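Reading through the structure tokens given below for one structure.
No hydrogens, no waters, no symmetry mates; every other heavy atom, side chains included, goes into these values. Since this is a predicted model, take the numbers as computed values, not measurements.
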Amino acid sequence: MSTLSRVFVIGGTGAQGMPIIRALVADNRYSVRFLSRDPGSRRAKELLALDNVSVQEGSFADEAVLREGFRGCDAAFVNIDGFNTGEKTEMYWAMRSYEMALEEGVKFFVYGNLDYGLKKSGYDSRFRTGHYDGKGRVGEWILSQNRVNGDRMGAALFTTGPYIEMVISTGTPMAPTVEDGVVTWRVPLGAGAVAHVALEDCGFYVRWLFDHPERANGMDLEVAIGQIRYADLAAAFEKVTGRPARYIDTDLDTYWREGPLSRAADAPAGYNADPNDKGTMNIRDNFTGFWNLWKYEVIKRDYDLLDEIHPNRIKTAEEWLRREDRLGRELGKGGLWERVQPENRTPILKIGEDRRTGKL
């Protein structure tokens, strides 16, 4: 193996993929080839400005493109955008990606995963969340394949959750409003808690998986900042900014009538999915299950393990808010109070930037 270990990345221009690529190439230990349908996009150009980064033009829904991407690479990170494909198509291409990576000689494969919430709930359909369950099924399949193929190509899962950046962004299930000068989160969470993830930490964790393949092989690394209750989130926002904030528990009917996703409630959860396919979930059904997962605290994490792997990880909402407030000011974006104003809010998710127009 050369000095640089080459990693093929699918999902590199997404919210999670960009900090992961930055972490991989930070010290010249790895080089990255990432897949992009549009190498001229803002996000692709930002990545190409980094040392040891190149682009493979094309779609993950193209076997020839995928084979070319995997060929000559030692490792792979695959995080297919389920909001592009829909649940069923994502499962197919994620599984084919594993198979082709194995065939093309990749030595270590990391899959960008989400919790198999339906299974973790005991197969209770109140918790059915297509964009979670689709990834979770594939993740379990990859680990089962790894028990047979692990000596030929190691594999690990990187299981995340809602990015904490989504609580101050636009176009997310928990986008806030500003009502009479009060930052307000109106979501159907009850007294539950969300295992939010900090994007900066994602880069560290995935780098750790590639740096420690012997330990990581067969691992499902489930990450989060902590179990964050939104009353605590609002209190932390007030403490950091000195501005009023609140959490208002909202019933599902009101959320779907007035909430941040209400206008798109009947659209397919994957914008390229067939709305006439009875296996396609709409946004309402998908995110009803999503909120139930957090309201009833189906999903938990092993924070002792995360402290061992990443002792300097972000551990509280207040810590993240303070960091984000400082960074925003340093970058000329303003503090958190300015950034949550409707006219200043920007999308953190690629789907928001693409305006649901990307193709497979």
Side-chain angles (χ1 to χ4, degrees), residues 1-2 4-12 14 16-17 20-21 23-24 29-35 56 58-82 85 87-120 131-160 202-203 205-223 302 305 309:
M1 189 179 295
S2 64
L4 291 178
S5 180
R6 174 166 284 190
V7 183
F8 181 49
V9 175
I10 299 175
Q16 183 183 137
I20 287 172
I21 290 176
L24 288 173
R29 172 65 183 85
Y30 297 90
S31 67
V32 167
R33 175 195 298 158
F34 72 93
L35 183 66
Q56 162 99 25
S59 165
F60 59 77
D62 185 323
E63 288 205 6
V65 169
L66 289 179
R67 287 187 184 280
E68 186 176 351
F70 287 123
R71 195 165 295 144
C73 287
D74 309 297
F77 176 78
V78 173
N79 184 22
I80 290 175
D81 182 1
T85 63
E87 179 182 5
K88 293 167 70 174
T89 301
E90 179 183 7
M91 290 174 62
Y92 173 82
W93 284 110
M95 294 169 81
R96 284 297 290 136
S97 293
Y98 173 89
E99 293 166 345
M100 284 185 279
L102 183 66
E103 188 175 356
E104 293 297 336
V106 169
K107 299 303 180 186
F108 200 77
F109 184 99
V110 176
Y111 177 61
N113 191 46
L114 289 168
D115 294 84
Y116 190 175
L118 182 64
K119 179 180 179 181
K120 288 186 174 183
H131 77 285
Y132 270 53
D133 297 334
K135 282 188 181 294
R137 293 187 199 100
V138 173
E140 291 205 347
W141 178 84
I142 287 172
L143 292 186
S144 71
Q145 295 297 309
N146 189 59
R147 287 192 284 272
V148 177
N149 302 317
D151 291 339
R152 182 176 170 188
M153 181 178 77
L157 307 183
F158 177 57
T159 301
T160 59
C202 290
Y205 287 124
V206 172
R207 174 66 189 257
W208 183 89
L209 289 168
F210 284 123
D211 283 350
H212 302 86
E214 295 82 8
R215 182 176 177 187
N217 190 23
M219 175 182 279
D220 180 359
L221 181 58
E222 299 180 327
V223 304
D302 181 348
L305 173 64
I309 290 173

Would Val106 and Phe8 count as a side chain to side chain contact (heavy atoms under 4.5 Å, CB included) if you check the C-alpha gap in whole Å, the side-chain angles of each, and the deciding distance to 0.1 Å? CA-CA 9 Å; Val106 169; Phe8 181 49; over 6 Å; no
First locate atom CZ of Arg6, then atom SG of Cys73, and finally report the distance between them rounded to the nearest 0.5 Å. 5.5 Å
Counting distance only, does the side-chain N/O of Lys135 pair as donor-acceptor with the main-chain N or O of Asn79 below 3.5 Å? no
Could you give the distance from CD1 (Ile142) to CZ (Arg137), rounded to the nearest 0.5 Å? 14.0 Å
Trace of the side chain to side chain contact (heavy atoms under 4.5 Å, CB included) decision for Val9 with Ile20: CA-CA 9 Å; Val9 175; Ile20 287 172; 5.6 Å; no
Taking the six-membered ring for Trp and the full ring for Phe, Tyr or His, determine whether the centres of Tyr111 and Tyr98 are under 6.0 Å apart. no
Euclidean distance, Asn146 CG relative to Phe109 CZ, rounded to 0.5 Å: 10.5 Å
Could you tell me the separation between the CG atom of Asn149 and the OG atom of Ser144, rounded to the nearest 0.5 Å? 9.0 Å
Residues in salt bridge (charged side-chain N to carboxylate O under 4.0 Å, His left out) with Asp133, at least two apart? Arg128
How far apart are the C-alpha atoms of Tyr116 and Leu118, what are their side-chain angles, what is the distance that settles it, and do they pass the side chain to side chain contact (heavy atoms under 4.5 Å, CB included) test? CA-CA 6 Å; Tyr116 190 175; Leu118 182 64; 4.1 Å; yes
Closest heavy-atom pair and its distance - Ala23, Arg207: O-NH1, 3.1 Å
If you look only at distance, which donor and acceptor atoms sit under 3.5 Å apart when one is on a side chain in residues 61-72 and the other is two or more places apart or in another chain?
unit_1, atom_1, unit_2, atom_2, d
Asp62, OD1, Ala64, N, 3.0
Asp62, OD1, Val65, N, 3.3
Glu63, OE1, Arg96, NH2, 3.0
Glu63, OE2, Arg96, NE, 3.0
Glu63, OE2, Arg96, NH2, 3.0
Arg67, NH1, Glu103, OE1, 3.1
Arg67, NH1, Glu104, OE2, 3.2
Arg67, NH2, Glu103, OE1, 3.2
Glu68, OE1, Gln56, NE2, 3.4
Arg71, NE, Glu104, OE1, 3.0
Arg71, NH2, Glu104, OE2, 3.2

If you define the side chain from C-beta out and look only at heavy atoms, does anything of Tyr92 sit under 4.5 Å from Lys88? no
Find the distance between OG (Ser5) and CG (Leu24) and round it off to the nearest 0.5 Å. 9.5 Å
Determine the minimum heavy-atom distance between Val138 and Ala94, stating which atoms define it. CG1-CB, 3.7 Å
What residue among Leu209, Asp302, Val110 forms side-chain contact (heavy atoms from CB on, under 4.5 Å) with Leu221? Leu209
Using atom types as modelled, flag every donor-acceptor pair under 3.5 Å from a side chain in residues 151-159 to any protein atom, sequence neighbours excluded.
unit_1, atom_1, unit_2, atom_2, d
Thr159, OG1, Asn113, ND2, 2.9
Thr159, OG1, Asp220, OD1, 2.5

Contact check, side chains of Phe108 and Val7, non-hydrogen atoms, under 4.5 Å: no
Taking Tyr30 for the side chain and Ala75 for the main chain, is one N or O donor matched with an acceptor at less than 3.5 Å? no
Could you measure the distance from the CD atom of Glu222 to the CG atom of Leu114? Nearest 0.5 Å is fine. 10.5 Å
Before you tell me yes or no, could you show the steps for Val206 and Phe77 under side chain to side chain contact (heavy atoms under 4.5 Å, CB included), namely the whole-Å CA-CA distance, both residues' side-chain angles and the distance that decides it to 0.1 Å? CA-CA 9 Å; Val206 172; Phe77 176 78; 4.0 Å; yes
NZ of Lys120: more than 12 outside heavy atoms within 6.0 angstrom? yes
